[in-house]
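Within every chain, numbering begins at 1; the chains are lettered A, B, ... in the order of the sequence lines, protein sequences first and strands thereafter. Hydrogens, waters and symmetry mates are skipped; everything else that's a heavy atom, side chains included, is used.
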Amino acid sequence: MSRKLLLEHAHIDGINGYETYRKHGGYRAVEKALKSMAPADVLEEVKKSGLRGRGGAGFPTGMKWSFLAKPEGVPRYLLCNADESEPGTFKDRYLMEKIPHLLVEGMILSAYALGANTSYIYIRGEYSWIVFILEKAISEAYAKGWLGKNILGSGFDCDLYVNPGAGAYICGEETALIESLEGKRGNPRIKPPFPAVKGLWQCPTVVNNVETLAAVVPIVNEGGEAYARIGVGRSTGTKLISAGGNINKPGVYEVELGLSMEEFIFSDEWCGGIKNGKRLKACVPGGSSVPILPHYLVTKTAAGEDRLLSYESLADGGFESGSMLGSGGFIVYDEDQCVVRNTWNFTRFYHHESCGQCSPCREGTGWMEKVLERLENGKGKLSDMDLLVEVAKKIEGNTICPLGDAAAWPVASAIRHFREEFEWHVREPEACMQRNYGLVKEKAELA
Amino acid sequence: MPKVKIDGFEVEVPEGTTILNAARQIGGDIVPPAMCYYSSLKGSGGKCRTCLVKVTKGSANDARPLPKLVASCQTQVLDGMEVANISSDEVLNARRGVVEFLLINHPLDCPICDQAGECHLQDLSFEHGLADTRYEFERRTFEKIDIGPYIKLHMTRCILCYRCVYTAQQLTPERVHGVIGRGDHAEISTFIEKAIDNDFSGNVIDVCPVGALTDRTFRFKSRVWFLKPMDAHRNCEKCSGKAVAWMYGNEIFRVTGRKDQYGEVHDFICNTCRFEKKALEDWTIEGPRDIDRHSVISQNHYENKTVTVK
Amino acid sequence: MQVASHNGKPFNFSPEALTEVQGLMVKYPEGRHKSALIRALHIAQEENGGWLSIAALDHVAETLRITPIEVYEVATFYTMFNLEPVGKYVLEFCHTGPCAIEGAERLLDYVRQKLGIETGQTTPDGMFTLKEVECLGACGYAPMMQVGIYYHEHLTEEKIDRFLEDCRAGNIDKGSWKMH
Ligand SMILES: Cc1cc2nc3c(=O)[nH]c(=O)nc-3n(C[C@H](O)[C@H](O)[C@H](O)COP(=O)(O)O)c2cc1C
Ligand code: SF4
Ligand code: SF4
Ligand code: FES
Ligand code: FES
């Protein structure tokens with residue numbers, strides 16, 4: 001049994017309410033920090049913990065916090081990124097729904113460390129009912145004196161609000177999130193300046209993922225060093241993985257980083273193996289943006305080592321034969337799934353979600369979608385694969401924000417590992433469609 | 001003052017200068033093309049990605065190159081920085097990619113476009129584009145609309161540079177048009193049927209790099225290169241009154257602001273000057289305007305330019 | 001896109017909604033009340049029968065003391081806002097990868113056939129609008145859809161049948177964006 005730091009109490013009835021949460025050790029970390037630690041001490045523990053951002057990029061949280069500019073007389077803001085819209089990812093939702101006070105507590109601690117007196121949780125608009133779960137938890141925390149003025153007599157003031165979005169994946173990008181929170185379109189900003197210097201309302205701002213902020217609670221409770229002892233190498237602590245696709249037991253799991261992929265996918269403690277006795281075909285381990293891994297690279301790296309659920313092991317082999325831990329959106333494909341169809345589907349997603357500001361992403365995502373659509377519908381050409389790789393290459397690295405890269409990687413990696421299946425779509429369009437029986441309407445047109 | 005080297009040419013510029021503006025001080029063909037940046041419009045730039053360059057040396061203090069190409073209109077120079085523009089194949093390749101992206105949904109209706117001959121996209125694709133396009137799908141189209149009595153919006157040609165939005169934001173008391181929708185369905189629009197009508201609204205025509213916003217009062221139904229641009233001025237209480245009168249014989253067919261070699265207007269003119277003063281006696285004609293720009297007008301390129309319409 | 005300046009009935013927030021929107025505006029520092037825009041639009045949409053007419057958008061602009069174009073720009077950016085009339089129940093059906101490989105596309109076909117409409121359309125009786133949306137963060141509980149503020153997960157043909165009947169019988173709670 002793996003240790004649980006975040007979801008240890010998540011199964012307990014009533015843990016979403018204040019009393020039960022408190023009874024199980026809730027707000028102990030705030031008490032400890034505000035009574036016996038200076039803000040710099042909290043930052044130090046977070047640094048020692050080796051905690052890395054759980055939103056996707058894996059940037060060390062302590063380092064990010066230490067970049068926050070602190071000009072005199074200018075407010076600083078802490079923003080929680082609860083936009084969670086990366087296909088395959090549903091872990092933050094689970095945490096917020098089950099144990100909302102953990103996020104509230106983590107935010108109080110983090111705001112204290114950063115000297116931020118006002119914080120906002122930016123949550124995707126579709127999680128509407130969770131807005132009210134969070135607001136209830138927040139009002140309980142105010143009522144019990146964990147939020148508001150002069151908390152526990154420490155002199156620290158902390159206000160926390162929830163701000164919903166309204167349907168836009170791009171608002172998970174931190175500067176788009178800030179724009180959206182300002183009541184505007186979610187157009188990412190051009191960087192620099194970075195949010196740590198000029199963020200919300202041009203003030204220094206830190207944006208962190210829900211899970212990252214929640215992890216500050218066990219770090220303060222048990223100490224950064226104890227946290228760092230869990231995991232492997234530079235992948236410390238635990239990670240929430242939201243597992244979906246063709247597995248027996250989809251759901252949200254908290255794993256110690258370093259768990260083997262083999263065990264995670266096939267053991268009954270976790271995903272319980274592939275559904276309906278089928279074989280594993282491929283896996284997208286970190287949300288739709290990360291490269292897809294063919295079955296032979298899922299449990300072993302190209303070098304023949306066991307593949308682990310860790311930042312380093314999943315990236316082992318780079319873009320040639322590796323992938324990324326990303327957001328922990330774990331998608332498993334069985335032998336019946338069509339890689340071309342799935343790539344088309346993801347590309348449609350990025351096309352739909354592009355904000356449209358910069359030309360490579362605005363135009364390139366739509367172009368890739370159209371080429372993939374014709375391939376999937378039996379009208380592709382053998383030259384389409386090279387065309388796709390080239391278009392992807394012209395987007396990647398040339399855009400304002402990483403959505404362009406996120407759109408390019410799945411296409412490039414699918415063609416790299418499954419080129420034969422793409423070519424099969426050109427050579428044997430009817431057979432391909434039969435596989436997707438019932439899904440393709442234009443079948444008749446082909447004959 | 002920081003010194004920066006661009007394609008081997010060194011220039012010393014004030015702190016905070018962008019790579020693009022440093023390159024403009026050097027001049028010539030090492031200046032990156034800029035389709036969205038516009039010096040006098042606050043917030044403009046960064047979007048079109050045509051001005052991407054490679055920073056091969058970060059600065060005197062940190063010599064490492066920057067990992068990705070950067071938008072030269074947004075990136076400030078540091079002392080000792082070295083930049084490759086036309087000397088980098090990576091840059092030229094990326095730029096070709098950007099031009100191709102800008103063209104895949106462009107109607108390529110240059111033969112019937114009012115902007116032909118003074119269109120930045122036309123120049124750009126002539127200089128950096130591919131002769132042929134690999135895009136085989138139906139192009140995105142929008143209906144042409146009149147936004148008020150003076151301005152026609154031909155959205156199909158728009159490259160979403162946002163310049164007209166910043167112009168309206170900056171020059172007019174209340175912006176009534178903006179970007180509606182998102183992604184490749186985003187469009188410049190007033191959303192509701194509404195005229196863009198205030199003293200300075202006509203400047204959106206001058207800042208538009210393509211033929212998306214055009215002058216409905218332009219009485220000449222033929223090509224700009226038959227007209228003679230003349231510097232002209234008049235006493236105007238609303239603006240500087242410094243403009244260009246586009247003439248054929250003794251008749252004024254169109255009035256625009258005075259653009260520099262990068263297509264930028266420094267003195268924005270008012271709608272009265274632009275749309276209502278078309279009589280010779282309204283203006284003091286100073287003399288022919290030197291069109292000093294990489295332009296098909298000045299270079300007589302237009303005849304041998306090939307545009308493949310699929 | 002250009003729409004007629006008056007599409008739809010006059011709109012005003014109900015007194016409770018107005019109080020709530022004013023309450024949202026003070027969650028932000030002075031002069032930053034524009035931040036309340038998105039949530040105000042959710043509330044306006046709910047009070048205007050599920051969609052945002054020009055009258056509703058203009059009323060929100062007026063309430064927040066911002067210009068109409070600022071509201072139009074935002075309302076057209078986010079997919080949760082409907083700019084045309086919709087049915088009583090808007091079925092927002094997820095069609096993204098993880099749901100698709102668990103049968104969402106097939107189930108969507110079923111819903112279309114059952115309702116006799118295509119995606120984006122409303123049934124003639126004004127009961128249902130079908131919308132396809134991108135991943136809603138319920139991939140492990142696929143296929144799924146959102147109706148009102150709530151999710152409906154692990155869908156099957158039988159569950160869809162029952163759901164549609166429950167809607168017709170008025171037994172489905174769409175929830176509310178207004179204070180709980
Ligand atoms: C297109 C795009 C979407 C993103 N979506 C999310 C998201 O939904 N949630 C999230 O936490 N981070 C998301 N990120 C990453 C954020 O930009 C940012 O790195 C993160 O919130 C930082 O928090 P962390 O350091 O705690 O991970 C996204 C990034 C991009 C480019
Ligand atoms: S990369 Fe895409 S999403 Fe990001 S700013 Fe450019 S157009 Fe917008
Ligand atoms: S209409 Fe012209 S100025 Fe306005 S965004 Fe489009 S191309 Fe730019
Ligand atoms: S001019 Fe620099 S990005 Fe457009
Ligand atoms: S793919 Fe449907 S909820 Fe994620």
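Taking both residues in full, the closest heavy atoms of B:R49 and A:I400 are given as NH1-CG1, 3.6 Å, listed atom of the first, atom of the second, then distance. The two residues B:F101 and A:V391 come nearest to each other via the heavy atoms CE2-CG1, 3.8 Å.
Heavy-atom contacts from other residues, nucleotides or ligands closer than 6.0 Å to NZ of A:K198 number 12 or fewer. Atom CZ of A:R234 has 12 or fewer heavy atoms from other residues, nucleotides or ligands within 6.0 Å.
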Practice item. Could you go through the side chain to side chain contact (heavy atoms under 4.5 Å, CB included) check for B:E136 and A:K381 one step at a time? Key: CA-CA 12 Å; B:E136 300 162 321; A:K381 307 178 188 179; 2.6 Å; yes
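Proximity to chain B is limited to the backbone of A:T399, based on heavy atoms less than 4.5 angstrom apart. Using a 4.5 Å cut-off between heavy atoms, B:I180 touches chain A through its backbone atoms (N, CA, C, O) alone.
Scanning residues 352-370 of chain A against chain B with a 4.5 Å heavy-atom cutoff picks out A:H352, A:E353, A:S354, A:C355, A:G356, A:Q357, A:C358, A:S359, A:P360, A:R362, A:E363, A:G364, A:G366, A:W367, A:K370, ordered by number. Residues of residues 68-90 of chain B lying under 4.5 angstrom from chain A, judged on non-hydrogen atoms, are B:K68, B:L69, B:Q74 in numerical order. Among the residues in residues 176-192 of chain A, those with a non-hydrogen atom closer than 4.5 angstrom to a non-hydrogen atom of chain B are A:R185, A:N187, A:I190. Residue-level contacts of residues 161-179 of chain B with chain A, in order of numbering, are B:Y162, B:V179; threshold 4.5 Å between heavy atoms.
Ranked by heavy-atom pairs shorter than 4.5 Å toward chain A, the options B:I104, B:N105, B:L102, B:V98 are led by B:I104.
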